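Notes for the one structure printed next.
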Amino acid sequence: MQFTAMILSNVEVSPGYWRMRMTAPPECAASRPGQFVMVRVNGAIDPLLRRPFGIFDIGTYTPAQSGAIPQPYLEMLYRVVGKGTAMLSTLHGSDLLDVLGPLGKGFDLGSPAEEKLIVGGGVGLAPLYLLAKELAQGSEVRLFAGGKTRDDILCITEFERLGVECYTATEDGSLGECGLVTEALLRRLDQLQGGATIYACGPHGMLNAVAGIAAERGIPCQVSLEGYMACGVGACLGCVAPGHSHSPDTPDFRCVCTEGPVFESGELKWRDRP
Ligand SMILES: Cc1cc2nc3c(=O)[nH]c(=O)nc-3n(C[C@H](O)[C@H](O)[C@H](O)COP(=O)(O)OP(=O)(O)OC[C@H]3O[C@@H](n4cnc5c(N)ncnc54)[C@H](O)[C@@H]3O)c2cc1C
Ligand code: FES
């Protein structure tokens with residue numbers, strides 16, 4: 001669905017990271033954790049292509065007018081990396097945005113009896129908050145958030161408010177443990193009594209490591225990919241990722257925007273693994 005959203009707020013939550021709230025049509029209330037939107041960052045020709053962003057949160061707000069009824073909103077958490085995201089960061093309340101979505105296949109919430117281990121790297125936390133919100137209603141949820149420095153660890157208080165136990169790790173030791181967040185994940189897996197599912201989003205190196213850990217231990221793992229996208233609706237094939245049986249002789253590709261962005265980690269081809 002294509003809609004015009006009005007920005008309600010656009011706030012820098014950490015240096016270079018912004019959280020934007022916008023109005024959304026009632027249909028967006030049914031967005032699934034892991035789905036995304038394609039946003040035209042302005043009405044001009046450049047940048048031409050929409051930019052993809054995970055849905056950080058959905059909810060309702062009550063407009064200021066007296067007697068107003070609650071209206072749906074949608075939130076994105078984004079990092080300024082180039083022209084499009086820099087333009088987004090200059091927008092203010094009451095500016096309008098052209099949005100397409102919700103798009104793609106989200107996370108499978110699995111059985112409430114299993115422990116849920118959520119792993120996020122930097123802005124990879126963006127699609128994991130709505131996931132945590134839904135999972136925390138019936139399951140024990142732990143979040144493992146990693147980044148290069150403390151500035152990359154985003155919105156942890158919001159996760160804690162959901163009752164999620166949070167572990168943080170930074171490569172420079174400026175927040176939480178010094179090192180990679182996968183080390184804390186491994187320690188938790190060593191203590192695990194029953195079943196668990198891993199959900200991850202972040203840089204490809206982190207996803208590669210998490211997929212390897214899950215495969216070695218036979219734990220179900222879903223990953224959300226954040227590669228390049230042009231159309232977001234399956235028309236250009238610009239977003240494809242190699243599937244598990246891909247080789248130069250037998251091409252096997254997955255269309256990230258329509259078959260993903262969330263995949264079972266075993267569906268994909270990972271570095272260093274057959
Ligand atoms: C399904 C999906 C969900 C996403 N969700 C989020 C989100 O919630 N929050 C968020 O901040 N970002 C998210 N991204 C990434 C986001 O779409 C890009 O950062 C954004 O399009 C960059 O636009 P730009 O015009 O600012 O950068 P550009 O000017 O297009 O590029 C600037 C630099 O960033 C690099 N770059 C651009 N896109 C990507 C990318 N996808 N991965 C790695 N490097 C890239 C370019 O190579 C270039 O070096 C998501 C991507 C996908 C596919
Ligand atoms: S972005 Fe065009 S097919 Fe996925």
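The structure displayed is predicted, hence computed values, not measured ones. Excluded from the calculations below are hydrogen atoms, water molecules and symmetry mates; all remaining heavy atoms, backbone and side chain alike, are included. In listed order, ligands and their atoms are each counted from 1.
- Distances from ligand 1 to the non-hydrogen atoms of G227 include at least one value under 4.0 Å.
- By the 4.0 Å N-to-carboxylate-O rule, E177 lies close enough to R187 to be salt-bridged with it.
- Distance check for C231 against atom 2 (Fe) of ligand 2: an N/O/S atom falls below 2.8 Å.
- Taking CD from E158 and CD from E75, the interatomic distance works out to 8.5 Å, rounded to the nearest 0.5 Å.
- Here the shortest heavy-atom distance to atom 26 (O) of ligand 1, taken over L49, L103, T85, I55, belongs to T85.
- Protein heavy atom at the shortest distance from atom 35 (C) of ligand 1 is Y228 OH, 3.9 Å.
- With respect to atom 12 (N) of ligand 1, the closest heavy atom belonging to the protein is F53 CD2, 4.0 Å.
- Defined by atom type and a distance below 3.5 Å, a donor-acceptor pair is missing between the side-chain atoms of Q71 and Y73.
- Nearest to atom 2 (C) of ligand 1 among the protein's heavy atoms is P52 CB, 3.9 Å.
- Among the atoms of C257, an N, O or S atom is found under 2.8 Å from atom 4 (Fe) of ligand 2.
- In this structure, atom 8 (O) of ligand 1 has protein heavy atoms in its sub-4.0 angstrom surroundings.
- Salt bridge annotation for D252-K269: absent, with no cationic side-chain nitrogen under 4.0 angstrom from a carboxylate oxygen.
- Neither the backbone nor the side chain of V80 has any atom closer than 4.0 Å to an atom of ligand 1 (non-hydrogen atoms only).
- Note on ligand 1: M229 sits in its first shell, one or more heavy atoms being nearer than 4.0 Å.
- Screening H204, H246, H244 for a ring pair (Phe, Tyr, Trp, His ring centres under 6.0 Å) involving W270 leaves a single residue, H204.
- Both W18 and V99 belong to a common hydrophobic cluster when Ile, Leu, Val, Met, Phe, Trp and Tyr are linked at side-chain heavy-atom distances under 4.5 angstrom.
- Among protein heavy atoms, atom 22 (C) of ligand 1 sits closest to V81 CG2, 3.5 Å.
- Residue P127 has no N or O atom closer than 3.5 Å to an N or O atom of ligand 1.
- With a 4.0 Å cut-off on non-hydrogen atoms, V123 touches ligand 1 through its side chain and not its backbone.
- Among protein heavy atoms, the minimum distance from atom 11 (O) of ligand 1 is reached at R79 N, 2.8 Å.
- Scanning the protein heavy atoms around atom 40 (C) of ligand 1, the nearest turns out to be E226 O, 3.6 Å.
- Between L225 and ligand 1, no pair of N/O atoms sits closer than 3.5 Å.
- Between G82 and ligand 1, at least one pair of N/O atoms sits closer than 3.5 Å.
- Atom 18 (C) of ligand 1 is never approached by the protein to below 4.0 angstrom, counting heavy atoms only.
- One side chain, S174 or D172, offers a donor N or O that lies under 3.5 Å from an acceptor on the other.
- The backbone N or O of V223 lies less than 3.5 Å from no partner atom in the side chain of S265, so there is not a single donor-acceptor pair.
- Remark: distances from the non-hydrogen atoms of L237 to ligand 2 include one below 4.0 Å.
- With 2.8 Å as the limit, C239 does not count as an N, O or S neighbour of atom 2 (Fe) of ligand 2.
- Residue G234 approaches ligand 2 through these ligand atoms, each under 4.0 Å from one of its heavy atoms: 3 (S).
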